[in-house]
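Residues: numbered from 1 along the sequence shown. Being a predicted model, the structure only gives us computed values, none of them experimental.
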Amino acid sequence: MGLSDFGNTVVGVDINEEKVRRLNKGKSPIYEPGVEEYLHRNLQSGRLRFSSNAAEGIRSSEVILIAVGTPMDTDGTADLSFVYQVADTVADNLNEFTVVVTKSTVPVGTNAAIRDRIAERSGKDPERDFAVVSNPEFLREGRAVQDFFHPDRTVIGYENEKAKEVLVDVYRALNLISVPFVWCNLETAELIKYASNAFLATKIAFINQMANLAETVGADIHKIAKTMGMDGRISPKFLHPGPGYGGSCFPKDTQALIKTGEQFGVDMSIIKTVVSSNSYQKERMVTKLLQLMNLSDTDSQAFAGKRVALLGLAFKQETDDIRESPALLVAKKLSELGGEINAYDPKAIENFKVEFPNVQYFSDCYSAVEGVDAVMLLTEWNEFRSLDLEKIASTVRSKFILDARNLLDITEAQKWGFTYQGVGR
Ligand code: UGA
């Protein structure tokens, strides 16, 4: 869709025919702000279409983008089976010189393996007949459109000058707005992606640990993070404390990087600590709730029968994605403790229902909090910032709020009689 908007002719291929049918009608299979507007515009222009016929898509294209999932395997490595399936289909349908671009996040060495695999299966020459390029994606869910059209940088790992020329042409629109291009080898591009995600995950894990210390000693993490960020070397971004990072990227990419370290015998202890401290942070939200409610965290019966409203189920705002969301662990733990859950999220309820069919779901915050013993805010949806606390105070059974994203004003919460706890303040 974005590439088509740049003026390229694009065919999006997926094996799921229902998805293809919906996309051809301009309907996005996920909630992502702004996507459908661009879908409509580009479908109408005639430059964009969707198809379930991979062979035809490959034969009619000069550039193939591999953009399939690389989910976490049971041992923590990235599961590359979808990537290799696509590579095989490409090999079976190569005709003229084709540039095979990997957008999927793949461990170092994968692009070279794709090149060798295609060469072996097709009998074609990886210099003359095709080229492999590593072009990792840095867009964020919920901000994908903005990030695609205004990236901080575009990274292209390549080993063939002809492929470079083709990519310059594909991304000419970004060149025109002076987006920096980083040209490097395949391995460097692959590692840039993992290093970037792991570093951002590290920033979050770091600020969460600092937040835990700040709240214990009476300091304010927001002042600390803001002031740290005034130092240009640190930057204020990705220093918001919370219930731990989730999503389809940081959890899987940090694990995969640890596995890459093991594979090459290189110490990845920093990332290992980030992963374990993030799991701790998610669990800590449950401990904090029990402490806030003055309930023992060792007495297994203490929480039985309590009803909690979970506001926010998605792993972050502006998405319906619940993968590795802190809300999953919190819901599981509270259920294990014998608690009952009311839940509300503006977009993610349908996805959460699949994992937790027995939770009670509500179509707005105010019905979700009626009669509950505590309210937990887990996702930073904007609508939670302006909750009417007076209204909530009049319908809850007990006035406890655990605000895991620091969205509410403490004084306002206290004014309406709530026992309030944020993260790190
Ligand atoms: C992340 C990266 O930010 C993208 O650059 C990358 O392209 C993407 O992974 C990917 O590899 O595909 P995403 O997972 O969509 O993007 O979302 P983020 O905005 O990075 O948030 C990740 C998690 O960190 C969320 O749970 C969010 O709530 C949490 N977070 C983020 C914090 O707890 N504190 C912060 O300061 C920032």
For this session: Please identify each residue that fulfils ring-ring contact (aromatic ring centres under 6.0 Å, His included) with Phe206, with sequence neighbours left out.
Result: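 Residues passing ring-ring contact (aromatic ring centres under 6.0 Å, His included) with Phe206: none at all.
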Would you say [Y] and [X] are linked by a side-chain donor-acceptor pair, where the criterion is simply a distance under 3.5 Å?
X	Y	value
Thr77	Asp75	yes
Asn93	Arg59	yes
Thr70	Lys252	yes
Tyr158	Asn135	no
Thr89	Asp92	no
Arg307	Asn342	yes
Asn212	Arg284	yes
Gln421	Asp403	no

Do the side chains of [X] and [Y] get close enough for a salt bridge, i.e. N-O under 4.0 angstrom?
X	Y	value
Glu120	Arg117	no
Lys347	Glu318	no
Glu283	Lys288	no
Glu32	Arg143	no
Asp220	Arg425	no
Lys162	Glu96	no

[atom1]-[atom2] distance between [X] and [Y], expressed to the nearest 0.5 angstrom:
X	Y	atom1	atom2	value
Phe356	Leu310	CZ	CG	9.0 Å
Ser28	Leu39	OG	CG	6.5 Å
Asn16	Arg22	CG	CZ	10.0 Å

Answer whether the closest heavy-atom distance between the side chains of [X] and [Y] falls below 4.5 Å.
X	Y	result
Asn160	Glu127	yes
Phe238	Tyr245	no
Ser51	Glu56	yes
Leu200	Thr202	no
Val63	Val101	yes
Tyr171	Val179	no

Exercise. Among Glu380, His222, His240, which residue meets the side chain to side chain donor-acceptor pair (under 3.5 Å) test with Asn406?
Worked result: His222
Would one find more than 12 heavy atoms of other residues, nucleotides or ligands at under 6.0 Å from atom [atom1] of [X]?
X	atom1	result
Lys103	NZ	yes
Gln263	CD	yes
Glu62	CD	no
Ile15	CD1	no
Leu213	CG	yes

For this session: Walk me through it: do Val100 and Ile118 pass the test side chain to side chain contact (heavy atoms under 4.5 Å, CB included)?
Result: CA-CA 10 Å; Val100 183; Ile118 294 178; 4.2 Å; yes
For this session: Tell me, with the steps shown, if Leu311 and Leu378 meet side chain to side chain contact (heavy atoms under 4.5 Å, CB included).
Result: CA-CA 6 Å; Leu311 303 185; Leu378 287 171; over 6 Å; no
Exercise. With Val108, which of Leu257, Leu191, Leu186, Thr188 fulfils side chain to side chain contact (heavy atoms under 4.5 Å, CB included)?
Worked result: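 Exactly one candidate clears the test, Leu191.
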Exercise. Should Asp253 and Thr105 be marked as a side chain to side chain contact (heavy atoms under 4.5 Å, CB included) after you check the CA-CA gap, both sets of side-chain angles, and the distance that decides it?
Worked result: CA-CA 8 Å; Asp253 293 348; Thr105 301; 3.7 Å; yes
Problem set entry | Minimum heavy-atom distance between Cys184 and Val155, given as atom pair plus value |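 Taking every non-hydrogen atom into account, SG-CG1, 4.2 Å.
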Between the main-chain N or O of [Y] and the side-chain N or O of [X], is there a donor-acceptor pair closer than 3.5 Å?
X	Y	value
Ser104	Val68	yes
Asn42	Leu48	no
Asp5	Met1	no

For this session: Go through Phe303 and Leu290 one step at a time and tell me if the side chain to side chain contact (heavy atoms under 4.5 Å, CB included) criterion holds.
Result: CA-CA 8 Å; Phe303 197 72; Leu290 295 177; 3.4 Å; yes
For this session: Output, in order, the C-alpha distance, side-chain angles, deciding distance and verdict of salt bridge (Lys or Arg N to Asp or Glu O under 4.0 Å) for Glu17 and Arg21.
Result: CA-CA 6 Å; Glu17 293 188 6; Arg21 201 182 54 78; over 6 Å; no
Exercise. Who pairs with Asp169 by side-chain contact (heavy atoms from CB on, under 4.5 Å), at least two apart in sequence or on another chain?
Worked result: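 Here the qualifying residues are Arg172.
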Problem set entry | Lys/Arg cation over aromatic Phe181: Arg153, 6.0 Å, 45° cone | no
Exercise. Aromatic ring centroids of Phe250 and Phe199 under 6.0 Å?
Worked result: no
Exercise. According to the ring pair (Phe, Tyr, Trp, His ring centres under 6.0 Å) rule, which pairs have a member within residues 30-51, sequence neighbours left out?
Worked result: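 Non-adjacent pairs meeting ring pair (Phe, Tyr, Trp, His ring centres under 6.0 Å): Tyr38-Phe149.
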